[in-house]
Every structure is written in structure tokens, then in C-alpha cells.
A.B. asks: 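Quick one: the structure is below, questions incoming.
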Amino acid sequence: MVDNVKTIDQRIDRIYDMAREHFGEVRFVGIKRHTKIGWVAKIQFDEFESLVSEGKDADDALKKLRKRLKKIIERYNMV
């Protein structure tokens with residue numbers, strides 16, 4: 001029995017929605033395997049620079065990217 005395990009697609013959708021809600025247009029949110037680095041998760045915006053995070057597996061990279069995005073949103077809301 002698997003309880004409440006999120007898929008990679010669900011994680012990507014959640015990050016995409018969070019980024020679009022706060023920053024407007026988002027080109028894409030994705031993940032890929034890099035031969036030397038490992039897994040790389042990326043958000044590419046139309047008007048801003050990209051956000052990138054690395055992890056030992058796809059879930060780890062996406063979790064780190066979401067955490068980084070949340071920190072940026074929190075700082076943005078403070079100002």
C-alpha cells in the first residue's frame with residue numbers, strides 16, 4: 001500500500017502553478033539527467049533568468065527547486 005506518494009508529474013505541475021501564480025508567464029518547468037552532474041530541475045521564465053537545482057535523483061532535484069522558488073517568493077512578498 002502506497003500512501004500519498006507524489007509523482008514527478010505532480011511535482012512539476014505544482015512548481016509550474018506556483019511560479020506562474022507569482023511571476024506570470026513561465027516557459028517551462030522540467031527535469032533531465034545530466035551525465036556529469038546528475039539530475040537537473042529547471043524553471044525557465046519569459047522575463048527573468050532561469051532557476052536551476054541539482055539533486056541525486058529526480059524527486060530530490062524537484063524538491064530543491066520548489067524550496068528555492070518558495071524562498072524567492074517569500075523574499076519578494078517581504079518587500
A.B. asks: Any non-hydrogen side-chain atom of Ile72 less than 4.5 Å from a side-chain atom of Leu51?
C.D. replies: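 Of all side-chain heavy-atom pairs linking Leu51 with Ile72, at least one is under 4.5 Å.
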A.B. asks: Linking I/L/V/M/F/W/Y whenever any side-chain heavy atoms sit under 4.5 Å apart, do Ile73 and Val26 land together?
C.D. replies: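 Yes, Ile73 connects to Val26 through the hydrophobic network.
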A.B. asks: Which residues pass the ring-ring contact (aromatic ring centres under 6.0 Å, His included) test with Phe45, not counting sequence neighbours?
C.D. replies: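 Here the qualifying residues are Phe23, Phe48.
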A.B. asks: State, with a plain yes or no, whether a side-chain heavy atom of Met18 is found less than 4.5 Å away from one of Lys70.
C.D. replies: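 Yes, side chains in contact.
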A.B. asks: Looking at every heavy atom in both Asp60 and Gly55, which two are closest together, and how far apart are they?
C.D. replies: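 The pair with the smallest heavy-atom distance is OD2-CA, 3.3 Å.
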A.B. asks: Are side-chain heavy atoms of Lys67 and Lys63 found at a separation under 4.5 Å?
C.D. replies: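 No, too far: nothing below the 4.5 Å cut-off.
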A.B. asks: With heavy-atom distances below 4.5 Å as the criterion, would you say the side chains of Lys42 and Val29 are in contact?
C.D. replies: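 Answer no - side chains too far apart.
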A.B. asks: Could you tell me if the side chain of Leu69 sits less than 4.5 Å from the side chain of Ile15, heavy atoms only?
C.D. replies: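 Yes - at least one pair of side-chain heavy atoms lies under 4.5 Å apart.
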A.B. asks: Minimum heavy-atom separation for Gln10 and Thr7, please, with both atom names.
C.D. replies: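 The pair with the smallest heavy-atom distance is OE1-N, 2.8 Å.
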A.B. asks: Would you say that His34 contacts Lys36 through its side chain, given a criterion of any heavy-atom pair below 4.5 Å between the two side chains?
C.D. replies: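 Sidechains of Lys36 and His34: in contact.
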A.B. asks: Has the side chain of Ser53 got a donor or acceptor atom that lies under 3.5 Å from a matching backbone atom of Leu65?
C.D. replies: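 Such a contact is found between Ser53 side chain and Leu65 backbone.
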A.B. asks: Consider only side-chain heavy atoms of I, L, V, M, F, W and Y, link residues closer than 4.5 Å, and tell whether Ile43 and Ile8 are in one cluster.
C.D. replies: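 Linked within one cluster.
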A.B. asks: Is there side-chain contact between Ile31 and Trp39, with heavy atoms separated by less than 4.5 Å?
C.D. replies: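 With C-beta onward as the side chain, the pair touches.
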A.B. asks: Only counting residues at least two apart or in another chain, list the ones meeting side-chain contact (heavy atoms from CB on, under 4.5 Å) with Lys32.
C.D. replies: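 With neighbours one apart ignored, the set is empty.
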A.B. asks: Answer yes if Phe28 and Leu62 sit in the same cluster of Ile, Leu, Val, Met, Phe, Trp and Tyr residues linked by side chain heavy atoms under 4.5 Å apart, and no otherwise.
C.D. replies: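 Not linked; separate clusters.
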A.B. asks: Can you run down the salt bridge (charged side-chain N to carboxylate O under 4.0 Å, His left out) pairs that involve residues 6-24, sequence neighbours left out, and say none if there aren't any?
C.D. replies: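 Non-adjacent pairs meeting salt bridge (charged side-chain N to carboxylate O under 4.0 Å, His left out): Arg11-Asp59.
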A.B. asks: Tell me the closest heavy-atom pair linking Ala61 and Ala41, and the distance in Å.
C.D. replies: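 Taking every non-hydrogen atom into account, O-CB, 3.7 Å.
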